[in-house]
Amino acid sequence: MNTSKLSKGGDPTPASAWSLSLQNNYGTPPIELVRGKGARVWDSEGKKYLDFLAGIATNILGHAHPAITEAVSAQVATLGHISNLYMSPQVIELAQKLQDLTGDPTARVFFCNSGAEANEAAIKLSRLTGRRRIVSTTGSFHGRTSGSLSVTGQEAKRAPFSPLLSDISFVPYGDVKALKKRVTRKTAMVIIEPIQGENGVVTPPAGYLAAVRKICDATGALFVIDAVQTGMGRTGEWFGFEHEGVTPDVITLAKGLGAGLPLGAMITLGAKAPQFEPGQHGSTFGGNPIACAAANAAIDYLVVHDLLRTVKRSGAQLVEAIEQLPGVHTVRGRGLLLGIVLTTPVAARVSAQCMTNGLLVNSPNPHVIRIAPPLNITKKEIELFVKIFSQSLTEVLEEQDA
Ligand SMILES: Cc1ncc(COP(=O)(O)O)c(C=O)c1O
């Protein structure tokens with residue numbers, strides 16, 4: 001390799017270097033982050049931010065948490081990646097932990113690297129039922145790979161890449177009647193998010209997941225719950241569907257599972273879901289021991305520190321404070337996955353103003369600010385969030401009125 005061709009840096013700004021060397025699918029982000037500690041991150045110009053997005057709901061213990069850095073450092077110094085041609089204790093430990101968390105000793109886990117891959121695995125698995133049809137919901141988000149995009153209920157994201165998988169239909173989220181009409185004995189699977197995170201933290205009416213369960217039972221369709229965004233304690237339960245007391249046939253996980261490292265999982269529960277036979281599916285990096293070591297450490301930490309309770313308490317503290325603010329219509333979501341619905345469609349400007357004022361949040365749509373801080377966020381950090389958010393919102397609303 002001609003190493004003289006390797007760039008030695010020296011580009012005028014990170015933004016120009018980014019735009020001249022990366023695909024433009026994310027546009028050029030406004031800041032470059034270089035360091036993090038807990039819920040704080042610093043950019044390359046030394047500015048500090050309160051991170052209330054946590055890598056889009058991934059860093060469940062924040063940045064550089066000692067439990068994660070110790071587990072990852074020890075693992076990478078002991079055994080790196082080995083593929084699935086061999087077993088590793090970390091993979092077995094994590095599969096057993098997930099089995100325990102589901103409460104189902106018959107649960108079986110497939111590890112991958114992302115949410116899209118977890119949903120791909122579920123789609124492929126559903127074909128083993130001998131059925132082809134899939135029912136999903138409008139507004140849903142299940143990933144960007146061809147299969148996961150096929151079941152994503154956002155036409156704008158799908159359109160440039162059509163034709164995608166066939167035999168997929170979409171019904172309005174939360175609408176039991178529409179689902180009942182669409183799901184038949186030919187339906188292989190129904191895929192549902194407990195909360196539509198990417199769609200603006202949309203919560204379905206109470207009883208929805210229980211009704212989906214009934215419809216799947218009556219037709220033999222697999223009930224797949226995409227808990228990629230709502231899993232691993234984010235909503236105050238281990239998995240976002242537990243609030244409704246239902247059990248799906250398949251759970252997909254990613255995001256918080258690796259506590260900041262890339263890791264996804266598809267878990268079958270009970271006897272209804274088919275099982276992959278040797279050779280039917282796989283992933284070179286799936287179940288990487290380093291990512292699994294991080295996940296094991298994060299689960300242990302959540303258990304020992306009773307963080308699910310903290311999540312519920314912190315979520316309630318946030319909702320109570322945010323609901324008071326002028327310019328806020330409602331707050332929806334659960335635990336520490338919250339959507340702040342604004343009275344006017346200025347969410348993108350509010351998000352930008354928060355960044356200027358040292359706070360990271362995002363705006364999945366013009367009316368909604370999403371927050372998904374680390375699960376161990378402190379009371380003081382919540383107070384700081386409320387202060388910066390309320391100031392930023394006021395500034396945007398005043399500017400609008402001026
Ligand atoms: C519910 C849900 N499913 C799937 C995905 C896709 O996950 P990934 O980006 O890891 O492929 C996401 C990502 O936002 C998600 O929120």
Side-chain angles (χ1 to χ4, degrees), residues 23 25-26 53-60 110-126 134 136-154 156-158 161 164-165 168 170 173-174 189-204 208-209 212 223-235 237-242 248 250-267 283 285-288 291 294-295 332-339 361-365 368 370-372:
Q23 284 278 333
N25 53 315
Y26 304 109
L53 199 54
I56 320 186
T58 59
N59 294 321
I60 54 177
F110 166 76
F111 286 118
C112 51
N113 311 285
S114 66
E117 286 174 81
N119 288 326
E120 287 288 339
I123 293 167
K124 278 182 72 177
L125 193 84
S126 78
I134 297 177
S136 180
T137 55
T138 49
S140 62
F141 185 80
H142 299 293
R144 304 280 195 159
T145 55
S146 297
S148 62
L149 186 60
S150 300
V151 297
T152 287
Q154 301 187 29
K157 291 191 172 73
R158 283 201 317 269
F161 306 103
L164 292 164
L165 288 182
I168 317 270
F170 298 92
Y173 186 60
M189 69 182 245
V190 175
I191 183 165
I192 306 275
E193 293 161 87
I195 295 172
Q196 288 188 333
E198 295 303 302
N199 195 29
V201 194
V202 178
T203 45
Y208 180 56
L209 297 183
V212 179
F223 183 10
V224 178
I225 288 202
D226 178 343
V228 166
Q229 190 152 158
T230 53
M232 305 320 291
R234 170 80 29 214
T235 64
E237 299 291 347
W238 282 104
F239 309 110
F241 54 83
E242 288 176 87
V250 178
I251 309 170
T252 56
L253 294 174
K255 288 198 182 276
L257 178 60
L261 273 81
L263 183 61
M266 182 207 63
I267 309 173
S283 161
F285 268 114
N288 173 277
R332 58 194 187 201
R334 225 187 251 279
L336 287 175
L337 177 62
L338 296 175
V361 297
N362 94 321
S363 53
N365 72 46
V368 178
R370 171 176 50 178
I371 56 172

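Every number for a ligand or one of its atoms is a count from 1 in the order of the listing. This structure is a prediction, so every number in the text was calculated from the model and none was measured.
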Exercise. Under 3.5 Å, is there a donor-acceptor pair linking the side chains of Thr137 and Gln196?
Worked result: yes
Exercise. Do Tyr173 and Pro204 touch side chain to side chain, with heavy atoms closer than 4.5 Å?
Worked result: yes
Exercise. Of the non-hydrogen atoms in Ile168 and Leu165, which two are nearest, and what is the gap between them?
Worked result: CG1-O, 3.6 Å
Exercise. Roughly how far, to the nearest 0.5 Å, is the CZ atom of Phe223 from the CE atom of Met189?
Worked result: 11.0 Å
Seminar exercise, completed: Close residues (non-hydrogen atom under 4.0 angstrom from ligand 1) work out to Ser114, Gly115, Ala116, Asn119, Phe141, His142, Gly143, Glu193, Glu198, Asp226, Val228, Gln229, Lys255
Problem set entry | Residues in salt bridge (charged side-chain N to carboxylate O under 4.0 Å, His left out) contact with Arg332, at least two apart in sequence or another chain | none
Exercise. How about Leu337 and Arg370: do any of their side-chain heavy atoms sit closer than 4.5 Å?
Worked result: yes
